[in-house]
Peer 1: 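The following block contains the structure, expressed as structure tokens.
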Amino acid sequence: MITNADIAKLLRRVEAVYEVRDKDFFRSHAYENAANAVENLTISAHDLWEQGKLTEIPGVGESLAAHLDELMKTGRVKHFDAEFKRVPAGMFGLLGIRGIGPKIAYKIAKKFKLHDEKTTLKKVKQLIAAGKLAALPGLGQKMQAKIKTAIESSFVKDERLLFSEAIPVSSDFIGYIRKIPSVANAEPLGSLRRHVATVGDIDIGIATAKPTETMEVVLKYPQIHKLISSGESLVRVQLKTGHEVDIKLCSPSEWGSLLQHYTGSKLHNIALRSYALERHLSLSEHGIKNLRTKKIFRAKDEKAFYAHLGLPDIPPELREGEEELDYAKKNKIPALVELEDIKGDFHLHSDFDFESSHDIGRSKLAEYLDQARSLHYDYLGVSDHNPKRDLSVSDKKKIIEARKKYLFTQYQEYENRVKTNIPKLFIGLEIDIRSDGELALEDELLPDLDYAIVSVHNAFDLPKEENTNRLITALSHPKALILGHPTARKLNDRPGIDVDWEKVINFCRANSKVLEVNAAPDRLDLPDDLVKMAVRGGVKVVIDTDSHQVANMDFMKYGVWTARRGWCRKSDVINTLDLPDLKKVLK
DNA sequence: GCCGTTTTCGGCCCGACTGTTTTCAGTCG
């Protein structure tokens, strides 16, 4: 089945051809819009096609829908193929390399007769080595060097950064910047500020009345490896870690506009600017220009920026397209869940040593309780993996009893020692869902548990229908309360399992089952788009850290951010409940 | 090629930076 990314790539190629031919700028622009929209879809375009809803994609009209229909049916689009024939195929091998756009790609492919996409990169490398690229009109030594670097680094830098990588790098740099006396404000921007699960590069905004002086000190940050580009208001550096960081400067009076502009997303900004234009206002990072009076409104913070457009402040996590703008216009932006709302964590792995189906935890219960107390949690749920499946039932029973005793003894010792504000302890298990949907633990061993998380840990490649039935079968068990890391995806590693989520969500609502938002930074699962689907479908979620050691309890913020991106309110999350209400959920 | 709180025609987000020019095109976010 063709993926959204494949479709977007195809549309961008058509866009490139139109741009090269310089014939119809706005037509190429339309293809770009459509490519962006498809890339940002939260469901597969193929599914939309099956439902006859292609034109519901913003930017896809009658004509593009017909082309995509042909694509889904035959795998080709005759019109696209005809357009592609007008340019040397080698140019497509160059698209996507930083610094090379359609025009330059075409110029190179045309001049050197590059007609095979697959061999293009190799040939261009040879041309660079021979110095032949620099001789092209419009190019020069510097462009050739730039392209050389870009081609070399494109083989290295492919994966996007996880939070757990990006946050320490950006926090350290921002910490350094904030200590500079002339700096009024410094914040992360872009996808990092919108709390997207993975980020491309790191953007930092700085407000200062003394830009030159400030930038001089910023560039002395010891972790900087080299300067990539620098202007008056925008500098790009590469750190010794290899990460690229964009730094944007503005005066304190423009801080709100800068934050807004560079937080994006691109689609949010495009929608917002169209909305502003209808009101004769033009938006930029410098402020809001009244097109009639030519006066510029400079926003000192974001609230003032949105207020000037007659809109409430929109949380960065929601700024992904047009939907949030519709809600803002009606003043219906929901109050999203906050980290401070969280009152407990149900997915911790203890250090009880046994023949476990997967890895055991490394921290003592007392350490988890200490941390829970400092976070002002009211309760804590320990859910180790189920015992190995091939053990006898009696051995498993022994293990489960020994574990309970182990945890209770430690809990009592803790109570005797600490005495006050001790979180309530719930004893659960995380049980594997087998490929047929059966739980990897016998029924007779379940009644003693306070709750069970059921999770997929193998057989990731089953067909959609089998996976859907598998999850529903597992959740049908009366003790199964929570579906753990529901898609089983691992970021930068493996995609989620193929599931009819609408069916699973309907089942969860009808049977009061809870979907987990697993906060481990390489999971963030449910993904934000499915959180949104679940919440809209009336299903409750639980935000858990899946901690294997006490330091992992700090992951909670990643889970909250992901939930916020899914439009999740406090009332949608069961671990924001007070203990008495929570106990009702566990019954 | 898309789209509609002035519109089914006539608009289409906006600016910074680089490199190659000699006033601007191409790319990026």
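Order of the sequence lines sets the chain letters (A, B, ...), proteins ahead of strands, with each chain counted from 1. Computed over heavy atoms, backbone and side chain alike; hydrogens, waters and symmetry mates excluded.
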Peer 1: Atom CZ of A/Arg194 and atom P of B/dG29: how far apart are they, to the nearest Å?
Peer 2: 13 Å
Peer 1: What is the nucleic acid contact for A/Glu232, judged by heavy atoms within less than 4.0 Å: base, sugar-phosphate only, or nothing?
Peer 2: sugar-phosphate
Peer 1: Taking pairing as Watson-Crick or G-U wobble with both contacts under 3.5 Å, can you name the mate of B/dT8, or confirm there isn't one?
Peer 2: none
Peer 1: Between B/dC3 and B/dT8, how far apart are the C1' atoms? Round to whole Å, please.
Peer 2: 9 Å
Peer 1: What is the distance, rounded to the nearest whole Å, between atom CD1 of A/Ile204 and atom P of B/dG29?
Peer 2: 16 Å
Peer 1: Across the strands shown, which category fits A/Gln141 at heavy-atom distances under 4.0 angstrom: base, sugar-phosphate, nothing?
Peer 2: sugar-phosphate
Peer 1: If you check every side-chain atom of A/Glu285, which of B/dT20, B/dG15, B/dG26 has the closest atom?
Peer 2: B/dG15
Peer 1: In whole Å, what is the span from the CD1 atom of A/Ile270 to the C1' atom of B/dG11?
Peer 2: 16 Å
Peer 1: Taking the nucleotide of DNA chain B with the closest heavy atom to each, which residue, A/Glu62 or A/Lys248, is nearer the 5' end?
Peer 2: A/Glu62
Peer 1: Can any side-chain N or O of A/Thr208 pair as donor or acceptor with the backbone N or O of A/Ser182 at less than 3.5 Å?
Peer 2: yes
Peer 1: Output the rounded distance in Å from OH (A/Tyr106) to P (B/dA25).
Peer 2: 18 Å
Peer 1: What's the closest nucleotide to the side chain of A/Ile104 if the choices are B/dG26, B/dG29, B/dC12?
Peer 2: B/dG26
Peer 1: Suppose you measure atom P in B/dA16 against the same atom in B/dG10; what distance do you get, rounded to whole Å?
Peer 2: 32 Å
Peer 1: Roughly how many Å apart are B/dG26 and B/dT20, using the C1' atom of each and rounding to a whole number?
Peer 2: 11 Å
Peer 1: May I ask you to check if A/Arg27 and A/Tyr31 form a cation-pi contact, with NZ or CZ under 6.0 angstrom from the six-membered ring centre and within 45° of the axis?
Peer 2: no
Peer 1: Using atom P of each nucleotide, how far apart are B/dG15 and B/dT21 to the nearest Å?
Peer 2: 27 Å
Peer 1: Does A/His67 make a side-chain N or O approach to OP1 or OP2 of B/dC2 shorter than 4.0 Å?
Peer 2: no
Peer 1: Quickly work out the A/Met143 CE to B/dG26 P distance and round it to whole Å.
Peer 2: 11 Å
Peer 1: Testing A/His268, A/Glu320, A/Glu317 for side chain to side chain donor-acceptor pair (under 3.5 Å) with A/Arg194, which one passes?
Peer 2: A/Glu320
Peer 1: Taking the side chain of A/Lys103 as heavy atoms from C-beta outward, which of B/dG1, B/dT27, B/dC14 is closest to it?
Peer 2: B/dT27
Peer 1: Taking the basic N atoms (NZ, or NE/NH1/NH2) and the acidic carboxylate oxygens, is any pair closer than 4.0 Å for A/Asp572 and A/Arg569?
Peer 2: yes
Peer 1: Using a 4.0 Å heavy-atom cut-off across all strands, classify A/Tyr262 as base, sugar-phosphate, or nothing.
Peer 2: nothing
Peer 1: Does B/dT6 adopt a syn or an anti glycosidic conformation, taking syn as a chi angle within 90° of 0?
Peer 2: anti
Peer 1: NA contact type, A/Ser230, heavy-atom cut-off 4.0 Å: base, sugar-phosphate, or nothing?
Peer 2: sugar-phosphate
Peer 1: Could you check whether A/Pro137 gets within reach of a base, just the sugar-phosphate, or nothing at all, counting any heavy atom under 4.0 Å?
Peer 2: nothing
Peer 1: Please tell me which of the listed nucleotides, B/dT20, B/dC14, B/dC2, lies nearest to the side chain of A/Leu64?
Peer 2: B/dC2
Peer 1: Which heavy atom of A/Ala8 sits nearest a heavy atom of A/Val38, and at what distance?
Peer 2: N-CG1, 4.3 Å
Peer 1: Rounded to the nearest angstrom, tell me the gap between atom CZ in A/Arg27 and atom P in B/dG10.
Peer 2: 18 Å
Peer 1: Distance between the P atoms of B/dG1 and B/dT7, in whole angstroms?
Peer 2: 26 Å
Peer 1: Counting side-chain heavy atoms from CB outward, which of B/dG1, B/dT18, B/dC14 is closest to A/Lys146?
Peer 2: B/dT18
Peer 1: For A/His29 and A/Gly231, find the nucleotide of DNA chain B closest to each by heavy atoms; which residue's nucleotide sits nearer the 5' end?
Peer 2: A/His29
Peer 1: Base, sugar-phosphate alone, or nothing: which one does A/Leu272 contact when heavy atoms must sit under 4.0 Å apart?
Peer 2: nothing
Peer 1: Can you check the A/Tyr31 OH to B/dG1 P distance for me, whole Å?
Peer 2: 5 Å
Peer 1: Any side-chain heavy atom of A/Ile151 within less than 4.5 Å of one from A/Ile128?
Peer 2: yes
Peer 1: Is it true that A/Glu39 and A/Lys266 have a side-chain N and a carboxylate O under 4.0 angstrom from each other?
Peer 2: no
Peer 1: If the threshold is 4.0 Å, N to carboxylate O, is there a salt bridge linking A/Arg178 and A/Glu187?
Peer 2: yes
Peer 1: Let's see if you can work this out: which of B/dC2, B/dC14, B/dA16 has an atom nearest to the side-chain heavy atoms of A/Ser63?
Peer 2: B/dC2
Peer 1: Would you mind reading off the distance between A/Asn33 atom CG and B/dC14 atom P, rounded to a whole angstrom?
Peer 2: 13 Å
Peer 1: Please determine, for the side chain of A/His280, which listed nucleotide (B/dG29, B/dG1, B/dT6) has the closest atom?
Peer 2: B/dT6
Peer 1: Of the options B/dG19, B/dC17, B/dG1, whose atoms approach the side-chain atoms of A/Ser229 most closely?
Peer 2: B/dC17
Peer 1: Looking at the side chain of A/Ser282, which of B/dT6, B/dC14, B/dC17 is the nearest nucleotide?
Peer 2: B/dC14
Peer 1: Return the nearest nucleotide to the side chain of A/Arg98; candidates are B/dC28, B/dC2, B/dG26.
Peer 2: B/dC28
